[in-house]
Amino acid sequence: MTNRNEFKPLESITLRDMLPVVFAGEAIPASQVWQSDVTFRRGESVLVEAASGAGKSSMCAYIFGARTDYSGQLLFNGRDVSALLPDDWQLARRVNIAYLPQELSLFPELTAWENIQLKNCLAGNLEDSRIEDWMERLGILFRRDYPAGRMSIGQQQRLAIIRALCQPFDFIMLDEPVSHLDETNNRIAAAIITEEARRRGAGIISTSVGNHLLLDYDKLLRL
């Protein structure tokens, strides 16, 4: 496949009979995702609830193209992604899918602002005023020039949410994005994510093992 964006816009992500290789041969609990046919659609918000160890982070890594240790199929716009080349995945990650991993993947030695701008300058180029407004609403603007590694885990989650929004996307995928946030900051984060997803006409995929992002979801799936 050539290095051009085959999936702009990315309207649907389908998991068909998918199962992590590590689960092969095991008796797994009933799931609405594994060994099923589930489609995430652009413009919809979906919560994927899971018990610890059920594979929610694996699911996100499969969709993001970071791992391929699964059976079954992953389809973008109805097309199997198994033929995608590394350059195709790189483009999809830059334009189609924004991803907030559970481990956040911040650069601890860089400031909060530098972490955001590293993504924003490469992919998003949002105006500084919009980003500063999000930081103020989430109560971390005063940490703008503070090293990310010295921020609290809750502050780091809020920072990582903002950074994830600083790129084009048809879907934003958030793996346990508010596990360390109180209800107030959870609701603020949910409002910001919803506003930006609607502005882009994008879908939201959020996972949780307990404290979930407080959205009005179109669909709830049990992993």
Side-chain angles (χ1 to χ4, degrees), residues 1-42 44-107 118-119 122-123 160-161 163-177 179 202-209 219 221-223:
M1 190 172 289
T2 57
N3 184 22
R4 64 180 185 274
N5 195 340
E6 300 283 344
F7 306 109
K8 187 61 181 175
L10 180 57
E11 297 288 354
S12 65
I13 298 171
T14 298
L15 282 59
R16 182 168 295 163
D17 200 30
M18 182 179 281
L19 185 70
V21 169
V22 70
F23 292 162
E26 295 185 7
I28 62 171
S31 171
Q32 294 174 295
V33 176
W34 299 139
Q35 295 182 314
S36 299
D37 193 339
V38 58
T39 296
F40 303 99
R41 301 192 183 281
R42 186 170 177 240
E44 292 184 342
S45 58
V46 181
L47 174 64
V48 180
E49 290 190 327
S52 181
K56 60 169 186 54
S57 294
S58 296
M59 181 199 74
C60 293
Y62 298 155
I63 293 172
F64 200 60
R67 289 173 53 186
T68 59
D69 55 321
Y70 61 85
S71 60
Q73 289 181 298
L74 173 63
L75 310 175
F76 286 177
N77 289 351
R79 295 179 58 187
D80 196 315
V81 303
S82 60
L84 288 182
L85 300 175
D87 284 351
D88 298 314
W89 274 114
Q90 185 179 42
L91 186 58
R93 295 181 191 120
R94 192 167 66 243
V95 175
N96 300 118
I97 305 172
Y99 178 33
L100 173 58
Q102 184 181 350
E103 64 272 16
L104 304 181
S105 298
L106 296 170
F107 292 94
L118 189 63
K119 167 67 75 69
L122 287 173
I161 287 168
R163 186 187 61 176
L165 293 168
C166 289
Q167 69 165 84
F169 59 88
D170 299 312
F171 286 86
I172 183 165
M173 185 166 54
L174 308 121
D175 191 8
E176 289 197 71
S179 57
I204 302 170
I205 304 170
S206 184
T207 75
S208 172
V209 295
K219 188 185 300 181
L221 298 172
R222 183 70 182 176
L223 189 63

Participant: Answer whether the closest heavy-atom distance between the side chains of N96 and K8 falls below 4.5 Å.
Facilitator: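 SC-SC contact between N96 and K8 confirmed.
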Participant: Can you confirm whether or not the ring centre of W89 sits under 6.0 Å from the ring centre of F76?
Facilitator: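 Yes, they do, as the ring centres are separated by less than 6.0 Å.
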Participant: Heavy atoms, side chains only, cut-off 4.5 Å: are I172 and L165 in contact?
Facilitator: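 Yes - at least one pair of side-chain heavy atoms lies under 4.5 Å apart.
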Participant: Rounded to the nearest 0.5 Å, what separation is found between the CG atom of L174 and the CG atom of L47?
Facilitator: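 Atom-to-atom, L174:CG and L47:CG are 11.0 Å apart.
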Participant: Do L85 and D88 touch side chain to side chain, with heavy atoms closer than 4.5 Å?
Facilitator: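 Result yes, sub-4.5 Å side-chain heavy-atom pair found.
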Participant: Quick one: are L223 and S31 in side-chain contact, heavy atoms under 4.5 Å?
Facilitator: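 Heavy-atom side-chain distance check passes, below 4.5 Å.
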Participant: Do R163 and S105 come within less than 4.5 Å of each other through their side chains, counting heavy atoms only?
Facilitator: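 Yes, their side chains come closer than 4.5 Å.
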Participant: Is there a side-chain contact between L221 and F40, using heavy atoms and a 4.5 Å cut-off?
Facilitator: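 Yes. Closest side-chain heavy atoms under 4.5 Å.
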Participant: Supply the atom-to-atom distance S45 OG to F171 CZ, rounded to the nearest 0.5 angstrom.
Facilitator: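 Nearest 0.5 Å value for the OG-CZ distance: 11.5 Å.
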Participant: Within the side chain of Q32, is there an N or O that forms a donor-acceptor pair under 3.5 Å with the backbone of V38?
Facilitator: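 The answer is no, because no donor-acceptor pair under 3.5 Å joins these two groups.
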Participant: If you apply the rule side-chain contact (heavy atoms from CB on, under 4.5 Å), what do you find for Q102 with K56, and how did you get there?
Facilitator: CA-CA 10 Å; Q102 184 181 350; K56 60 169 186 54; 3.2 Å; yes
Participant: If only atom types and distance count, is the side chain of E11 paired as donor or acceptor with the main-chain N or O of N77 below 3.5 Å?
Facilitator: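 Judged by distance alone, no pair lies under 3.5 Å.
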Participant: For the backbone of L122 and the side chain of R94, can you confirm whether one donor and one acceptor N or O come within less than 3.5 Å of each other?
Facilitator: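 Absent.
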Participant: What heavy-atom pair brings S52 and V209 nearest, and what distance separates the two atoms?
Facilitator: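 Result for this residue pair: N-CG1, 4.2 Å.
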Participant: Out of curiosity, M173 CE to S206 OG, how far, rounded to the nearest 0.5 Å?
Facilitator: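 M173 CE to S206 OG: 11.0 Å, rounded to 0.5 Å.
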Participant: For S12 versus R41, what's the shortest heavy-atom pair and its separation?
Facilitator: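 So the two residues come closest at CB-NH1, 4.2 Å.
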Participant: Where do I13 and I63 come nearest, in terms of heavy atoms and distance?
Facilitator: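 Heavy atoms of I13 and I63 come nearest at CD1-CG2, 4.0 Å.
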Participant: Below 4.5 Å, heavy atoms only, C-beta onward: do Y70 and M59 meet side chain to side chain?
Facilitator: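 Answer no - side chains too far apart.
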Participant: If I compare all heavy atoms of L74 with all of L15, which pair ends up nearest, and what's the gap?
Facilitator: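 The pair with the smallest heavy-atom distance is CD1-CD1, 3.8 Å.
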Participant: Determine yes or no for a side-chain-to-main-chain donor-acceptor pair under 3.5 angstrom, with T207 supplying the side chain and E176 the backbone.
Facilitator: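 Judged by distance alone, yes, a pair lies under 3.5 Å.
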Participant: Mind checking whether E103 and D175 have side chains closer than 4.5 Å, heavy atoms only?
Facilitator: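 No, every pair of side-chain atoms sits at 4.5 Å or beyond.
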Participant: Mind checking the CD-OG1 spacing from E44 to T39? Nearest 0.5 Å is all I need.
Facilitator: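 Result: 9.5 Å between the selected atoms.
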Participant: Nearest 0.5 Å, what's the CD-CG distance between Q90 and L84?
Facilitator: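 Between atom CD of Q90 and atom CG of L84 there are 12.5 Å.
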Participant: Please report the shortest heavy-atom distance between R42 and P9, naming the atom on each side.
Facilitator: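 Result for this residue pair: NH1-CB, 3.7 Å.
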Participant: Can you give me the closest heavy-atom contact between K119 and C166, atom names plus distance?
Facilitator: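 That closest heavy-atom pairing would be CG-O, 3.4 Å.
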